[in-house]
Amino acid sequence: MKPNLDLNLLVVFLEVYRLRSITLASESLGLTQPGVSAALKRLQSQLGAPLFVREGRGISPTHAAIKLANEIEPALTAV
């Protein structure tokens, strides 16, 4: 992971990861859907890997997203 990563992006990522929905994550975080999508795009750009793929009407995490969530979730939960 890059040292200058914005922690706010990780919070957004984890909520989308947990809920498997940009809409539900935006409601949970009090953000707009475009705001959540933009945050995910910035994080994907910084990491250089796609994090979610569309599946029907929903999204599924990629291998990179699962790995990232497993690495950061315990730390962010502790904070």
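- Ile59 and Leu24 fall into different hydrophobic clusters, where Ile, Leu, Val, Met, Phe, Trp and Tyr side chains are chained together by heavy-atom contacts under 4.5 Å.
- Gln33 and Ser26 form no side-chain donor-acceptor contact under 3.5 Å, judged by distance and modelled atom types alone.
- By the rule that hydrophobic residues join a cluster once side-chain heavy atoms approach within less than 4.5 Å of another member, Leu19 and Leu14 end up as members of separate clusters.
- Not counting sequence neighbours, the partners of Glu73 by the salt bridge (charged side-chain N to carboxylate O under 4.0 Å, His left out) test are Arg18.
- Atom CG of Leu51 and atom OG of Ser60 lie 13.0 Å apart (nearest 0.5 Å).
- Thr62 and Pro50 make their closest contact through OG1-O, 2.8 Å (heavy atoms, listed as atom of the first residue, atom of the second, distance).
- Remark: Arg20 is positioned above the aromatic ring of Tyr17, its terminal NZ or CZ atom under 6.0 angstrom from the ring centre and at most 45 degrees off the axis.
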side-chain contact (heavy atoms from CB on, under 4.5 Å) between Leu43 and Asp6: does it pass, once the steps are laid out?
CA-CA 8 Å; Leu43 182 59; Asp6 182 349; over 6 Å; no
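- Here Phe13 contributes atom CZ and Leu7 contributes atom CG; the two are 13.5 Å apart, rounded to the nearest 0.5 Å.
- In this structure, the separation between CG on Leu68 and CD on Gln44 is 10.5 Å, given to the nearest 0.5 Å.
- Taking each heavy atom of Pro74 and Ala69 in turn, the nearest pair found is CD-O, 4.2 Å.
- Glu15 contributes no side-chain N or O that, together with a main-chain N or O of Ala25, makes up a donor-acceptor pair within less than 3.5 Å.
- Atoms NZ and CG, on Lys41 and Leu9 in that order, are 14.0 Å from each other to the nearest 0.5 Å.
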